[in-house]
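Since we're looking at a predicted model, the values are computed, not measured.
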Amino acid sequence: MKLENRCVVPADQATTWELVMDFPRVAPCVPGLTELEADGEDGYKGTLRAQAGPMRVNLAGTVRVVSSDPQLGEARFLLEAADRRIGGSVKTSMTLHLAPTDDGQTELTINTDTAFMGALGTLGQPIIRRKAAATVEEFARNLAGLVASQGM
């Protein structure tokens with residue numbers, strides 16, 4: 001399933017780049033993320049708790065930085081996670097792209113291509129799309145709040 005979500009971050013592109021690439025610092029902005037620890041130079045292990053429709057999931061997995069280019073404002077990630085309790089897993093290729101806006105803020109575009117396996121694959125795409133959109137919206141609000149609280 002492919003999704004594209006956009007939000008505006010109330011900071012310039014360089015500041016936004018520094019923030020979104022600092023995983024421990026931006027982790028509290030991700031709704032449902034309960035754990036995050038370094039796993040090598042370009043990776044992190046974490047656990048995400050979420051509810052999509054009738055299903056509650058506790059996804060444990062990794063996120064790896066595949067490539068990053070601060071000049072282009074683009075980074076690619078690979079996320080793999082599983083919920084052993086329900087026997088489902090996800091594999092996501094994600095691209096973040098930052099673009100300056102005319103008013104000095106930054107438009108953040110998040111493109112994902114996700115494969116759902118096992119029990120997670122039984123959920124309908126409309127439910128997953130709504131959950132993904134809500135998660136990105138909450139992430140954007142949390143990121144804007146972090147930027148504001150730190151006077152960036």
Side-chain angles (χ1 to χ4, degrees), residues 1-11 13 15-68 73-99 105-150 152:
M1 177 175 62
K2 294 183 180 187
L3 297 172
E4 179 176 286
N5 298 92
R6 296 173 187 267
C7 64
V8 175
V9 180
Q13 184 173 337
T15 301
T16 302
W17 176 265
E18 181 183 319
L19 182 59
V20 297
M21 295 305 290
D22 185 345
F23 283 66
R25 194 164 152 211
V26 79
C29 296
V30 179
L33 188 64
T34 59
E35 298 174 24
L36 183 73
E37 64 182 59
D39 182 30
E41 188 175 313
D42 290 324
Y44 291 86
K45 290 192 286 190
T47 302
L48 179 75
R49 292 189 180 139
Q51 182 165 348
M55 194 175 295
R56 291 179 191 220
V57 295
N58 192 27
L59 294 165
T62 60
V63 59
R64 301 237 178 268
V65 179
V66 175
S67 65
S68 66
E74 189 168 286
R76 297 180 191 277
F77 306 93
L78 178 63
L79 297 88
E80 297 178 290
D83 185 320
R84 297 193 195 293
R85 182 181 56 83
I86 64 169
S89 61
V90 297
K91 184 174 182 178
T92 301
S93 295
M94 179 172 61
T95 301
L96 297 182
H97 182 76
L98 305 178
Q105 300 185 81
T106 303
E107 181 179 55
L108 170 62
T109 303
I110 303 170
N111 289 296
T112 56
D113 186 359
T114 303
F116 297 91
M117 284 76 68
L120 292 175
T122 64
L123 285 176
Q125 283 196 18
I127 292 172
I128 293 171
R129 284 184 190 280
R130 281 193 303 272
K131 180 61 179 176
T135 299
V136 170
E137 288 172 13
E138 187 174 345
F139 171 77
R141 281 193 305 272
N142 294 343
L143 189 61
L146 178 63
V147 167
S149 73
Q150 296 187 358
M152 299 177 146

query: Closest approach of Q13 and G73, non-hydrogen atoms and distance?
result: NE2-CA, 3.6 Å
- prompt: What do the steps show when you test E4 against K2 for salt bridge (Lys or Arg N to Asp or Glu O under 4.0 Å), and what is the final call?
  reply: CA-CA 7 Å; E4 179 176 286; K2 294 183 180 187; over 6 Å; no
- prompt: Roughly how far, to the nearest 0.5 Å, is OG1 of T47 from CG of L36?
  reply: 9.5 Å
- prompt: Taking the side chain as C-beta and beyond, is there a heavy-atom pair between M21 and S68 under 4.5 Å?
  reply: yes
query: Mind checking whether M1 and L3 have side chains closer than 4.5 Å, heavy atoms only?
result: yes
- request: Check the pair V57, I86 against side-chain contact (heavy atoms from CB on, under 4.5 Å), reporting the backbone distance first and the verdict last.
  value: CA-CA 8 Å; V57 295; I86 64 169; 3.6 Å; yes
- request: For the pair T106 (side chain) and A11 (backbone), establish whether a donor and an acceptor sit closer than 3.5 Å, ignoring hydrogens and angles.
  value: yes
query: How about L19 and V147: do any of their side-chain heavy atoms sit closer than 4.5 Å?
result: yes
message: Using side-chain heavy atoms (C-beta onward) and a distance below 4.5 Å, is D39 in contact with E37?
response: no
message: Check D83 with R56, please: is the shortest side-chain N to carboxylate O separation under 4.0 Å?
response: no
query: Do T34 and L48 have side chains that get closer than 4.5 Å, going by heavy atoms?
result: no
Any donor-acceptor N/O pair, R49 side chain to P31 backbone, under 3.5 Å: no
message: Just so I know, are the side chains of I110 and T112 near enough to count as touching, which here means a heavy-atom distance under 4.5 Å?
response: yes
Spacing of CG belonging to D113 relative to OG1 belonging to T92, to within rounding of 0.5 Å: 8.0 Å
field: Exercise: identify the closest heavy-atom pair between L59 and A81
entry: CB-CB, 3.8 Å
- line: Nearest heavy-atom approach of C29 to L146 is SG-CD2, 3.9 Å
query: What distance do T62 atom OG1 and R64 atom CZ have between them, rounded to the nearest 0.5 Å?
result: 5.0 Å
field: Separation of N58 CG from Q51 CD (nearest 0.5 Å)
entry: 12.5 Å
- prompt: What's the spacing between S67 OG and R76 CZ if we round to 0.5 Å?
  reply: 5.5 Å
query: So, do V8 and Q105 sit near enough that their side-chain heavy atoms are less than 4.5 Å apart?
result: yes
query: Would R6 and T109 count as a side chain to side chain donor-acceptor pair (under 3.5 Å) if you check the C-alpha gap in whole Å, the side-chain angles of each, and the deciding distance to 0.1 Å?
result: CA-CA 4 Å; R6 296 173 187 267; T109 303; 3.1 Å; yes
message: Determine whether M117 and K91 satisfy the following criterion, side-chain contact (heavy atoms from CB on, under 4.5 Å), listing intermediate values before the conclusion.
response: CA-CA 8 Å; M117 284 76 68; K91 184 174 182 178; 4.3 Å; yes
task: Taking the side chain as every heavy atom from C-beta outward, state whether E107 and V9 have any atom pair closer than 4.5 Å.
output: no
message: Between the side chains of E18 and R25, is the shortest nitrogen-to-carboxylate-oxygen separation below 4.0 Å, so that they form an ion pair?
response: yes
- request: Verify side-chain contact (heavy atoms from CB on, under 4.5 Å) between F139 and N5, making sure each step is shown before the conclusion.
  value: CA-CA 11 Å; F139 171 77; N5 298 92; over 6 Å; no
Reported OG1-to-CD distance for the pair T95 and E74, which is rounded to 0.5 angstrom: 6.0 Å
field: Working for side-chain contact (heavy atoms from CB on, under 4.5 Å), residues E80 and V90
entry: CA-CA 6 Å; E80 297 178 290; V90 297; over 6 Å; no
message: Suppose we call two aromatic rings close when their centres sit under 6.0 Å apart. Are Y44 and F77 close by that rule?
response: no
